[in-house]
Amino acid sequence: MRLYNTLTRQIDEVVPQNAPDITVYTCGPTVYDYLHVGNWFTYIREDILIRTLKASGLKPKWVMNITDVGHLVSDADDGEDKLEKGARREGKTAWDVAKFYTEYFEKGMERLNMLKPDFLPRATDHIQDQIELVQKLEAKGFTYKTSDGVYYDTSKFPKYADFARLDLDEQEAGKRVNFNPEKRNKADFALWKFSPKDHQRDMEWDSPWGKGFPGWHVECSAMSMKYLGETLDIHAGGIDHVPVHHTNEIAQSEAATGKQFATYWMHSNHITIEGKKISKSFGNGITLEDIEAKGYSLEVLRLHVLESHYRSQSKFSWESLAAAKNRLNVLHAWADLRHQTSVDVMPDELDLLFKELRGSVLSALQDDLNTPVALVSFNKIINYMSNIQIPGVEGKYTDGTLAFLDDLLGLQLSARPDITYQQKEIITEREQARTAQDWAKSDKLREQLEKQGIGLRDIPNGAIWFRL
RNA sequence: GGCGCCGUGGCGGAGUGGUUACGCAGAGCUCUGCAAAAGCUCGUACACCGGUUCGAACCCGGUCGGUGCCUCCA
């Protein structure tokens with residue numbers, strides 16, 4: 001398995017510390033609002049990562065966090081985080097907001113047929129772990145206190161800019177506003193924030209430094225190390241996390257432990273919609289519900305995600321979703337062939353092609369998760385099977401392959417049901433009518449099936465059905 | 001202002017020094033009683049200008065265009 005590693009800026013062979021075990025931490029959602037397609041692109045790609053690791057004989061231990069506190073709305077240090085703000089917007093408490101969108105997220109994962117992480121820890125369930133991490137940093141002299149919180153002093157961590165290759169001096173010269181004057185360095189970030197004096201937060205906890213809540217970055221370090229140890233094998237997330245969030249995670253984790261935080265860093269690029277990034281101000285935060293409302297299944301979305309490489313800035317549009325829908329239909333029709341019972345089979349040749357398909361899909365994925373190339377592998381066998389005007393493959397030749405592909409791509413090709421006995425009877429009856437050249441009856445039966453969503457394609461020795 | 005990325009046929013999208021993936025859409029043809037989401041064929045793409053090379057979409061330089069980050073962001 002090879003993976004592009006943001007740390008080394010090259011494609012590296014993945015070598016876990018304790019193979020076949022491999023630890024994976026992926027940054028999860030901040031649960032303050034509905035997730036948009038862009039979020040799901042990243043999560044689906046991470047799902048493919050886990051699936052590929054498994055198919056490669058590894059045993060991933062996967063943690064995805066739920067950020068339900070401490071993600072500040074801005075760096076203006078006004079003491080408000082997204083959860084608290086979401087609560088005000090919806091007239092609920094931050095706890096209610098977190099609960100609602102956490103459930104929304106988990107349901108979405110299921111609906112997209114994503115694998116379940118081994119742990120899905122909430123930041124609010126790990127306040128003590130975060131406090132302890134901050135204490136460790138404090139003891140080592142990496143922190144300082146201001147009027148609104150405890151901060152990490154990035155100047156104490158010389159490698160701070162290395163990961164993202166930041167030019168801190170140049171960045172400082174930028175047109176940045178709202179620089180907290182109490183911060184010693186521009187890049188310093190809050191580890192613990194004090195509750196505001198003028199109003200009570202929904203979420204706050206006591207700490208050695210005073211009542212407040214943890215800074216956003218500290219949760220990922222605390223929870224990943226708690227569940228997976230001080231050095232992770234793979235840490236993944238959105239590409240936007242490189243310069244700030246992951247940079248800070250490395251700074252605080254490595255300062256605390258003195259060990260390398262993660263061996264491999266995988267980052268999913270962002271998508272654009274009509275050439276623009278997804279942003280509240282553009283109003284293009286399309287949700288799963290929007291997609292379904294336009295008549296596309298979430299399986300179509302998954303296929304569409306697979307159609308581009310995770311490191312390229314992919315484009316999302318309704319047009320490409322429509323194309324993905326057609327492509328999925330072709331895959332479905334092919335998968336449905338395993339239920340067809342007719343004629344001449346060519347098992348040896350087919351077995352070989354299925355084997356080839358399994359091999360090329362897996363190796364494409366193992367080559368830095370090249371999903372578009374993996375999908376290309378299907379064409380040869382689909383074309384071949386259409387071409388020889390097949391055949392009763394009847395499960396036995398494809399079952400193993402379809403399940404294998406499903407494990408890798410999550411497309412559920414093996415789960416597609418057969419048509420009913422009655423529908424099969426109609427097909428048989430129509431065949432008899434055709435043999436008798438009773439076209440009127442034959443066409444009537446075909447229409448009957450069409451009304452049930454079943455189309456027919458005649459071949460020399462019978463008919464192949466497909467779902468319309 | 002600083003740091004990046006990207007420009008591939010109607011749309012999407014791999015690839016990356018020499019054999020011009022692939023999907024969707026479109027056109028023509030074939031098979032068919034009629035059909036078909038079946039088969040075959042077709043459009044001969046890689047922003048532009050230079051350079052390196054026997055050979056460049058692929059390497060180098062420049063130009064133009066787009067876009068991302070530096071503020072929260074998957």
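Chain identifiers are assigned alphabetically (A, B, ...) following the order of the sequence lines, protein sequences preceding nucleic acid strands; residue numbering begins at 1 within each chain. Hydrogens, waters and symmetry mates play no part in the numbers below; they use all other heavy atoms, side chains included. Given the structure is predicted, the values throughout are model-derived calculations rather than measurements.
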(message) At a heavy-atom distance below 4.0 Å, what parts of residues 300-307 of chain A sit against RNA chain B?
(response) A/E307
(request) If the plane angle is over 60° it's perpendicular, under 30° parallel, otherwise tilted; pick one for A/H245 and A/H217. (result) tilted
(request) Please indicate yes or no: is the ring centre of A/H270 less than 5.5 Å from the centre of the six-membered base ring of B/G68, with the two planes inclined by under 30 degrees? (result) no
(request) Taking side-chain hydrogen bond (donor to acceptor under 3.5 Å, both in side chains) as the test, write out the residues that go with A/R89, two or more places apart. (result) none
(request) Provide the closest heavy-atom pair for A/S308 versus A/F41 in the form atom of the first, atom of the second, distance. (result) OG-CE2, 4.5 Å
(request) Could you measure between the two C1' atoms, the one in B/G55 and the one in B/G17, and give it in whole Å? (result) 8 Å
(request) Kindly say whether A/S317 contributes a backbone atom to a donor-acceptor pair with the side chain of A/S320 at under 3.5 angstrom? (result) yes
(request) Choose from B/A37, B/G13, B/C72 the nucleotide whose nearest atom is closest to any side-chain atom of A/N329. (result) B/A37
(message) Quick check on A/K92: does its NZ atom have over 12 non-hydrogen neighbours (other residues, nucleotides or ligands) under 6.0 Å away?
(response) yes
(message) Could you work out, with side-chain contact (heavy atoms from CB on, under 4.5 Å) as the rule, every residue matching A/K99, not counting sequence neighbours?
(response) A/E103
(request) From the options B/A74, B/C40, B/G23, select the nucleotide whose nearest atom is closest to the side chain of A/N383. (result) B/C40
(message) Can you work out whether A/A333 or A/F316 has the more 5'-proximal nearest nucleotide on RNA chain B?
(response) A/F316
(request) Check RNA chain B against residues 38-48 of chain A and give the residues with a non-hydrogen atom under 4.0 Å, in numerical order. (result) A/G38, A/N39, A/T42, A/Y43
(request) Can you run through RNA chain B from 5' to 3' and write each base as (, ), [, ], | or . depending on how it pairs? Watson-Crick or G-U wobble, both distances under 3.5 Å. (result) (((((((..(((.....[...))).(((((.......)))))....(((((..]....))))))))))))....
(message) Give me each pair satisfying salt bridge (Lys or Arg N to Asp or Glu O under 4.0 Å) with a member in residues 459-468 of chain A, each pair once, sequence neighbours excluded.
(response) A/D336-A/R467
Polar atoms only, N or O, under 3.5 Å: list the protein pairs with nucleotides 64-67 of chain B and their distances.
unit_1, atom_1, unit_2, atom_2, d
B/U67, OP1, A/K276, NZ, 2.6
B/U67, O2', A/Q313, NE2, 3.2

(message) Using only modelled atom types and a 3.5 angstrom limit, is any donor from either the side chain of A/N269 or the base of B/C6 paired with an acceptor on the other?
(response) no
(request) Residues of residues 430-452 of chain A with any non-hydrogen atom less than 4.0 angstrom from an atom of RNA chain B: list those, numerically ordered, please. (result) A/R430, A/R434, A/W439, A/S442, A/D443, A/R446
(request) Assess whether atom CZ of A/R111 is packed by more than 12 heavy atoms of other residues, nucleotides or ligands within 6.0 Å. (result) yes
(message) If the threshold is 4.0 Å, N to carboxylate O, is there a salt bridge linking A/R338 and A/D418?
(response) no
Taking N or O atoms only and anything under 3.5 Å, show me the protein contacts with nucleotides 7-10 of chain B, one pair per line.
none

(message) Of the options B/A14, B/A74, B/A21, whose atoms approach the side-chain atoms of A/I278 most closely?
(response) B/A74
(request) Among A/W216, A/F189, A/W192, find the residue that satisfies the ring pair (Phe, Tyr, Trp, His ring centres under 6.0 Å) test when tested with A/Y152. (result) A/F189
(message) Please enumerate all residues that pass salt bridge (charged side-chain N to carboxylate O under 4.0 Å, His left out) together with A/R302, with sequence neighbours excluded.
(response) A/D47
(request) Name all residues meeting the side-chain hydrogen bond (donor to acceptor under 3.5 Å, both in side chains) criterion together with A/R430; count only those two or more places apart in sequence or in a different chain, and write none if there are none. (result) A/S442, A/D458
(message) Just to verify, what does A/E299 make a salt bridge (charged side-chain N to carboxylate O under 4.0 Å, His left out) with, not counting sequence neighbours?
(response) none
